[in-house]
*Asks:* 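Structure provided below as structure tokens; questions to follow.
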Number of protein chains: 2
Amino acid sequence: MGGDKTAVAGDGTIGKACDVLDQVAAFERPVRFAELLDRSNFPKATLYRFLQVLTNQGMLSYDPERQTYAPGMRLVRLAHAAWTQSSLAPIARPFLDALSKDTGETVHLAQLDSSQVLYVDKRNAAQPIEMYSQAGKVGPAYCTGVGKAMMAFLDEDSLNEAVSQQSYHRFTDKTLTSEAALRADLDLIRQRGYAIDDEEHEPGIICVACPVLTSGSRMLGAISVTGSTERMDFNQLEAWVPRVRRVAEQIGAEAQAWRFPETRAKVSNDRMQAT
Amino acid sequence: MGGDKTAVAGDGTIGKACDVLDQVAAFERPVRFAELLDRSNFPKATLYRFLQVLTNQGMLSYDPERQTYAPGMRLVRLAHAAWTQSSLAPIARPFLDALSKDTGETVHLAQLDSSQVLYVDKRNAAQPIEMYSQAGKVGPAYCTGVGKAMMAFLDEDSLNEAVSQQSYHRFTDKTLTSEAALRADLDLIRQRGYAIDDEEHEPGIICVACPVLTSGSRMLGAISVTGSTERMDFNQLEAWVPRVRRVAEQIGAEAQAWRFPETRAKVSNDRMQAT
DNA sequence: AAACCAAGTTTCACTATTTGGAACTAAATG
DNA sequence: CATTTAGTTCCAAATAGTGAAACTTGGTTT
């Protein structure tokens, strides 16, 4: 997966439009028409029209002075709805607050999105934060605590897919850089119920993470507590594991009640019907 | 603008797809196919295909158990890019932190998006009041401090459009419920340089707001400090105005340097004509 | 148990939209 | 002033979207 042009998305016009959005977002800065043209397979006129329409719709914003495109504010509006409805964040919030307060360390809540880690909420060691200052950011799954905790509890098909889509880039000399090594670690994680990140992504950064599961073992996300080797060692960090695990379980239970009822039990009719 | 079905969007397939996204988001809860079908003009099969494709793309998420759709996590990813690049939030962050610390009150940063207030960042009061606002959330412009502060400094065309698109719903008995009343207030705001919200949106909630402007008077957004009538009165709140104004100016200056260079000063010719 | 109903899904002939090569214009450069 | 580069418009060909209707599924009524 080198730097070649993105393959055109599968489904129709809408898929292509989403592709364009991703392309623009990928630059992480306002971007000119020509730059986008290079990196896309679309012919000039086609790309041009896409940018026009998306800008019209507020999905992109256009700066006429600089002639640059950037992701638009309509996305922020929509994402607010997504964050509220489809993420674990609203449910997890009070638990994260408590965990953050108790540990005094950085706490993350993440979900898996196209085999990547998507951070949906966070508490800093220091100050209270708001929404997507950090939430919305993505990171690699194979070398983070939350990523591995989540992958370990995927069903077989999803796991195979996820594992095969990792880049295995070596960030530090402790990074797991092969599918085999990752699978071995995932087995261990599944067995003991939590994952560790021992400076696999950033030097000096260690963390412990637990998956958030429904009672039916459906994996919903993961939470982690992160520390730095300067201030603590693994023994201190692992002491938090039982606490982290309990919080993860609470979030899972809460989520199940609220959003992933998985009931099906015998209750049957959530829809009662007159006449 | 009552509860009738949304008019079909202008531009093509993509516009319609965005419409569907808005429709789903508007429910503020996971929603079933049939519910969406009622509120949209699309025929069954068409809407169905849209939902399929959008779900495929991760713009929506589908819960197979409940058969419900909700805005998808891909939006959160994209919005992160939008927030980082197209909003004032990254620039304003340190200033908001300081302002929040100094005042101890709730602080908002907002931008105008389709004539509505879009909150892009927020700091909670030391003693938080339960209140309607979070990053990504939208609210009315005609009855909020930030909304009025922004509208007052729009150019004439934009102002006319914005003013005409307000709903003028009466939230409290102090809400301005006519275009004339709003325009009068906007004149006053323009003159004194800041806006107030005197329980016009929520009873007991008052605020002062200043616009964020470039040196060329281009309106970029607004910031506000909010309080509750239980703990303070307007005199106390208005004492913060100079401080708020200074922060708004700092943000404006910073933003101009970073993102809205507006240099080009006298270059003038948006249309210069050869020969 | 058979008939019924409602919600969701698939089909397919019809057509409106998208497509993209190429021509065009505007602005930047030598 | 000639030339290049960047952005915009055109239009015939082809693809992709449309939506009425038929079908499937799962649950409820007679």
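Numbered from 1 within each chain, the chains take letters A, B, ... in sequence-line order.
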*Asks:* Taking side-chain contact (heavy atoms from CB on, under 4.5 Å) as the test, write out the residues that go with Gln67(A), two or more places apart.
*Replies:* Arg32(A), Tyr62(A)

*Asks:* Please state how far atom CG in Leu51(A) lies from atom P in dT19(C), giving the value in whole angstrom units.
*Replies:* 12 Å

*Asks:* Any ion pair linking Asp22(A) and Arg74(B) (charged N to carboxylate O, less than 4.0 Å)?
*Replies:* yes

*Asks:* Between His108(B) and Tyr119(B), how do the two ring planes meet: parallel, tilted or perpendicular, split at 30° and 60°?
*Replies:* tilted

*Asks:* Under the ring pair (Phe, Tyr, Trp, His ring centres under 6.0 Å) rule, collect the residues that match up with Phe27(B), sequence neighbours excluded.
*Replies:* none

*Asks:* Please report, rounded to the nearest Å, how far the C1' atom of dG8(C) is from the CG atom of Leu47(B).
*Replies:* 11 Å

*Asks:* Considering residues at least two apart in sequence or located in another chain, which fulfil the side-chain hydrogen bond (donor to acceptor under 3.5 Å, both in side chains) criterion with Glu161(B)?
*Replies:* Gln165(B)

*Asks:* Please report, rounded to the nearest Å, how far the C1' atom of dG21(C) is from the CG atom of Asn41(A).
*Replies:* 17 Å

*Asks:* Rounding to an integer number of Å, can you tell me how far Arg32(A) CZ sits from dT5(D) P?
*Replies:* 14 Å

*Asks:* Please name all residues satisfying side-chain contact (heavy atoms from CB on, under 4.5 Å) with Leu213(A), sequence neighbours left out, ordered by chain then number.
*Replies:* Phe153(A), Pro211(A), Met219(A)

*Asks:* Check the distance between dA26(C)'s P and Gln67(A)'s CD and give it to me in whole angstrom.
*Replies:* 14 Å

*Asks:* Please report, rounded to the nearest Å, how far the P atom of dG7(D) is from the CG atom of Asp38(A).
*Replies:* 11 Å

*Asks:* Report, as a single string ordered 5' to 3', how protein heavy atoms within less than 4.0 Å touch nucleotides 12-23 of chain D: B base, S sugar-phosphate only, - not at all.
*Replies:* ----SSBBB---

*Asks:* So that I know where these two stand, are Tyr69(A) and Phe33(A) an aromatic pair - ring centroids less than 6.0 Å apart?
*Replies:* no

*Asks:* Strictly under 6.0 Å, is that where the ring centroids of Phe50(A) and Phe42(A) end up?
*Replies:* yes

*Asks:* Between Pro71(A) and Ala25(A), which heavy-atom pair has the shortest distance, and what is it?
*Replies:* CG-CA, 4.0 Å

*Asks:* Rounding to 10°, can you tell me the angle the first-five-pair axis of the helix from dA1(C)-dT30(D) to dG30(C)-dC1(D) makes with its last-five-pair axis?
*Replies:* 30°

*Asks:* dA6(D) P sits how many Å from Phe33(A) CZ, rounded?
*Replies:* 11 Å

*Asks:* Please determine whether a side-chain nitrogen or oxygen atom of Tyr48(A) lies at a distance below 4.0 Å from atom OP1 or OP2 of dT9(D).
*Replies:* yes

*Asks:* Within this structure, what is the CD-to-P distance between Gln52(A) and dT17(C), rounded to whole angstrom?
*Replies:* 18 Å

